[in-house]
Amino acid sequence: MENEKPQPAPDCPGHNEARRTFLKQSSLLTALALAPGAVVRAAAAELDEKVAAAFEQVPLKLDVNGVKHKLSVEPRTTLLDLLREQLHLTGTKKGCDYGQCGACTVHVDGKRVNSCLTLAVMQDGRKITTIEGLANGDKLHPMQEAFIKHDGFQCGYCTPGQIMSAVACIREGHANSEGEIKEYMSGNICRCGAYPNIVAAIQEVRSGGQKV
Amino acid sequence: MKDQLLQDGKAVGDRMSRVDGRLKVTGGAKYSAEYELPGLVHGALVGSTVAKGRITSIDTKAAERAPGVLAVITHLNSPKVPGFAAKSNPDEPPAIGQPLRVFYDERIYFNDQPIAIVVADTLERARHAAGLVKAQYAAEAHQTNFEANKSKGFLPTQARRNPKSAQNDYTRGQADGYQSAPVKLEAEYWHESEMHHPMELQSIIAHWEAADRLTVYDKVQAVKGTQRAFAKDWGLPEQNVKVIATFVGGAFGNGLHNWPHETAAIIAAKVTGKPVKLMLTREQMFTMVGYRPKTWQRIAMGATKDGKLVGISHDSVGQTSTYEEFTESTVQQTRMMYAAPNVTTRYRILGLDVSTPIWMRGPGEATGAFALESAIDEMAHLIGMDPLEFRLRNHTDTDPEKNRPWSTKYLKECFQAGAERIGWNKRQMKPGSLREGDWLIGYGMGVGTFGANRGAAKARAALLADGTVLLQSATTDIGPGTGTAMVQIASDALGLPTDKIRFELGNSLFPQAPSQGGSSTVNTVGSAVNDACLALKKKLQELGGASFANVQPEQLTLADGQLGLKANGGPRLSFADLRKANNGQDVEVTVESKPSGDARQNYSMYSFSVHFAEVRVHTMTGEVRVTKMVSCADAGTIVNQKTAGSQMSGGAIGGIGMALTEGAVIDDRYGRYVTRDLASYHVPVHADAPPVEVFFVNKPDLLVDPLGTKGIGEIAIIGVAPAITNAIFNATGKRLRELPVTPDKVLLA
């Protein structure tokens, strides 16, 4: 699937212009930092808007589930928020924003990553796979099938992250025993407590020998 | 994967995979924050930094000037919510007081109380600008220290006003009659507040579709209750408020109340004229959406040397806020679980400068069972008796509280099945007897019970043109697999394969159903679905005319695309002909179903469970590992062995968290939680979860409902924590009475 999707951000000044403004404001701030307190306070109040406005949009190319995107994003935007809020790929879940729960797990160039802990701009040019891109058309990935069969979920919210992590866990060679699976899946929290069923699903896929 | 009827024609009891499984494993299931609406903007909350006092000034200038910001709303400029003037809100849980009125005035009742919402065009801009809002406070001395204030616990107002309230003091036989027993024990039990922490953060999209029409996509367990609450708040007819909760990413009780952030988003949508999405942060999940309250308990117990209970006294004080009286049934199972002639219970609550708690899985009972089942284990040890034998000697075949029979009770079957499966015979009477290297091994058990409740609900059933049946009811599914169970129930009632039936939920437009809580959804909504299916068949029979006139609906089936008799032969009518007889319309019925007769007055109805735990305790570090659990349930008919099994084992794993890791800690100097993320508040992870073997008695209780179900969700966790702490005692001889049992407590005990 080759599908160029340029997405110019609205209300966004040209990149060069924005960058110039940012640099100007940065030097001004440096100067202010050396000035007496009262002057800084007075000036800072006026500067709030301009400083903030100077956050530039950065161009970004991403391949998400085989679709090439040309994007323009704020540097502070996480990969997770980009996927959910701008690309509307909401299968990737937000559970903590601190890399503590694993609900946001995606594959970056085939490796599992907490998408809340990586800024989108850091992934320029990379291949991202989310839960929406795991199945082969209508044919579910073996891990998805195994999760259904073993009831590896209840509410379903952590499930995309568990599945992405589970696939990576096998690829990494970290699914050789129940204990090893549990250790290498412990970054993915399931509050419903579907853990034994998830481990059973991973063991079945691992022993099934299918390519994951 | 088509799920077919079993050979005996029964879908109920099948290990059917979830009807929404494919959506959940492909990312297709949409949760509250995941709806795309044109013009959608983002909200971010600002929380107070004091626990009590008044806002004296609030500076929003910088936030208002920040790029992309559309509005900054505080108590100074918020539109008035009409319902906030009312003194109480009848749609809230039965608490005295009023839910926090967000942005209503300058009062601060707890730390991180929402004081402003910033709305911006992007999430990043909203969150950044929220950080620019600065408030000044006239702080007042706050009280968040439970231990220091425990003596101020008071009888809940509902009990003072109503002598029949179950929250009143209770005495059977002699008050504190345990004192006359030859063997006595008295012990205190504590646990910290526990947070629900569903993986989905509390989220809402609020959308005013017109000045008097509100739609919310909201993470709630009650779409109808939420509809009524917001309609009342905004002075709207109920039908003008639509609540959508198609998928709920876990809740465990915290979706049973409407919280300040929901109204904050609704206000923000009103002010901006745009749909506003608000997703709480994990830190905010600690501070404003409920929790299992910190609780103190004292059990005093007396028994004879041959193991007969003489008396139990159970006292408890549970935490609540200063603006709502939250109560739960912490001490109530002590009245009915054992055949003790003298039982006294006293329940108090303590209002602190914190946000209001809410029921958390196994509410009250899970807390109470920790104390009661620990004390039972302690008494068994004191008199030198196996704790399973001690429980059997005090088993009761009638309800000693209400003096009436149980509708059903198969707890002894659970004991036997569980003891065999955990290997109870390996348990040594003398603590500390089993050891492997540096690990001490122990076994423990704990009993759980919860009311087998059934309420009223409606369901709609429609035979569609394509020959499938669509069912609708305004219940929710927070994870147990409600839709799957309903399809199985309908399949049997209609004689139609499960893949021809669809069940829709989570929408306030659907027929009335209560909240998904109290383990009662299958009992209540399942009965309504069953009745709706029977009514649909009856209507089809009527449309069928003379050929079906003398047939009972139970004899009819919809198999093979036609109405016919279950037995071979007899008349047959195709769905197409039936539609023709119905003027070409979908054949549709909506029925209400509720308990009838006097069974509920004549019988006591409860689910029962027993949990067995095998633990290993490290002698050097105090680390506790739960290495095996067996959970057995007397929960009536099991509609789906697969999903019910998952619910039971999930509850057991939740109980491991309650026992060993979960405790929200407040720094009383500031009245603010220091546990503020999942790295400081530990819920069980894969590595903490042992294999959990589940056993169901699976005998129907037809007095509870026509399906014979009793409910699973609560008993899955009630009794787990004491099973584990009792196992720790058996392993080490150390009695841990404060949850969570972290390694430091094991080492210092």
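Reckoned from all heavy atoms, side chains included, excluding hydrogens, waters and symmetry mates. Within every chain, numbering begins at 1; the chains are lettered A, B, ... in the order of the sequence lines, protein sequences first and strands thereafter.
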Provide the closest heavy-atom pair for [X] versus [Y] in the form atom of the first, atom of the second, distance.
{"X": "A/Cys155", "Y": "B/Gly250", "value": "CB-N, 3.1 Å"}
{"X": "B/Ile653", "Y": "A/Gly193", "value": "CD1-O, 3.4 Å"}
{"X": "A/Asp81", "Y": "B/Glu124", "value": "CB-OE2, 3.7 Å"}
{"X": "A/Arg84", "Y": "B/Met279", "value": "NH2-CE, 3.8 Å"}
{"X": "B/Leu201", "Y": "A/Gly95", "value": "CD2-O, 3.5 Å"}
{"X": "A/Tyr157", "Y": "B/Tyr31", "value": "N-OH, 3.5 Å"}

Inset, instruction - Heavy-atom pairs under 4.5 Å with chain B are the metric here; pick the option from A/Cys192, A/Pro196, A/Pro160 that has the most. - result: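 Maximum pair count with chain B is reached by A/Cys192.
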Inset, instruction - Specify which of A/Asn188, A/Thr77, A/Leu89 makes the most heavy-atom pairs with chain B at under 4.5 Å. - result: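 Greatest number of close heavy-atom pairs with chain B: A/Thr77.
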Considering residues, nucleotides and ligands other than [X], do more than 12 of their heavy atoms fall under 6.0 Å from its [atom1]?
{"X": "A/Glu183", "atom1": "CD", "value": "no"}
{"X": "A/Tyr184", "atom1": "OH", "value": "no"}
{"X": "B/Lys628", "atom1": "NZ", "value": "yes"}

If you count heavy-atom pairs within less than 4.5 Å of chain A, which of [options] leads?
{"options": "B/Gly651, B/Gly481, B/Pro684", "answer": "B/Pro684"}
{"options": "B/Thr643, B/Leu23, B/Asp20", "answer": "B/Thr643"}
{"options": "B/Lys277, B/Glu64, B/Glu283, B/Lys30", "answer": "B/Lys277"}
{"options": "B/Gly654, B/Gly68, B/Gly479", "answer": "B/Gly479"}

Heavy-atom distance under 4.5 Å to chain A: side chain of [X], backbone, both or neither?
{"X": "B/Leu678", "answer": "both"}
{"X": "B/Ser203", "answer": "neither"}
{"X": "B/Pro198", "answer": "backbone"}
{"X": "B/Ala29", "answer": "backbone"}
{"X": "B/His42", "answer": "side chain"}

Kindly compute the distance separating [atom1] ([X]) from [atom2] ([Y]), expressed to the nearest 0.5 Å.
{"X": "B/Met285", "Y": "A/Cys96", "atom1": "CE", "atom2": "SG", "value": "11.5 Å"}
{"X": "B/Thr26", "Y": "A/Ile163", "atom1": "OG1", "atom2": "CD1", "value": "8.5 Å"}
{"X": "A/Ser186", "Y": "B/Asp688", "atom1": "OG", "atom2": "CG", "value": "6.5 Å"}
{"X": "B/Lys642", "Y": "A/Lys149", "atom1": "NZ", "atom2": "NZ", "value": "8.5 Å"}

Inset, instruction - Could you walk me through whether A/Cys101 and B/Met199 pass side-chain contact (heavy atoms from CB on, under 4.5 Å), step by step? - result: CA-CA 8 Å; A/Cys101 79; B/Met199 293 322 298; 3.4 Å; yes
Taking [Y]'s backbone N and O only, do any of them form a donor-acceptor pair with [X]'s side chain (distance below 3.5 Å, no angle check)?
{"X": "B/Lys24", "Y": "A/Gln154", "value": "yes"}
{"X": "A/Tyr195", "Y": "B/Ala687", "value": "no"}
{"X": "B/Arg18", "Y": "A/Ile148", "value": "no"}
{"X": "A/Lys182", "Y": "B/Ala689", "value": "yes"}

Which atoms of [X] come close to chain B, meaning under 4.5 Å heavy atom to heavy atom: side chain ones, backbone ones, both, or neither?
{"X": "A/Glu132", "value": "both"}
{"X": "A/Ile189", "value": "both"}
{"X": "A/Asp151", "value": "both"}
{"X": "A/Tyr98", "value": "side chain"}

Legend entry - Worked verdict on B/Val683 versus A/Arg191 for side-chain contact (heavy atoms from CB on, under 4.5 Å): CA-CA 7 Å; B/Val683 303; A/Arg191 188 57 158 155; 3.4 Å; yes
Look at [X] together with [Y] and state whether they make a salt bridge at an N to O cut-off of under 4.0 Å.
{"X": "A/Glu74", "Y": "B/Arg127", "result": "no"}
{"X": "A/Lys94", "Y": "B/Glu200", "result": "no"}
{"X": "A/Lys93", "Y": "B/Glu34", "result": "yes"}

Inset, instruction - Evaluate the criterion side-chain contact (heavy atoms from CB on, under 4.5 Å) for residue pair B/Asp677 and A/Gln100; output intermediate values, then yes/no. - result: CA-CA 8 Å; B/Asp677 56 27; A/Gln100 295 165 347; 3.2 Å; yes
Legend entry - Pair B/Thr281-A/Asp97, side-chain hydrogen bond (donor to acceptor under 3.5 Å, both in side chains): steps then yes or no: CA-CA 8 Å; B/Thr281 64; A/Asp97 262 341; over 6 Å; no
Inset, instruction - For residues A/Glu178 and B/Pro691, determine if any side-chain heavy atom of one lies less than 4.5 Å from a side-chain heavy atom of the other. - result: yes
Legend entry - Close side-chain approach of A/Ile181 and B/His686, heavy atoms under 4.5 Å: no
Inset, instruction - Dump the intermediate steps for side-chain contact (heavy atoms from CB on, under 4.5 Å) on B/His128 and A/Arg76, then the final yes or no. - result: CA-CA 10 Å; B/His128 171 71; A/Arg76 62 186 168 183; 3.4 Å; yes
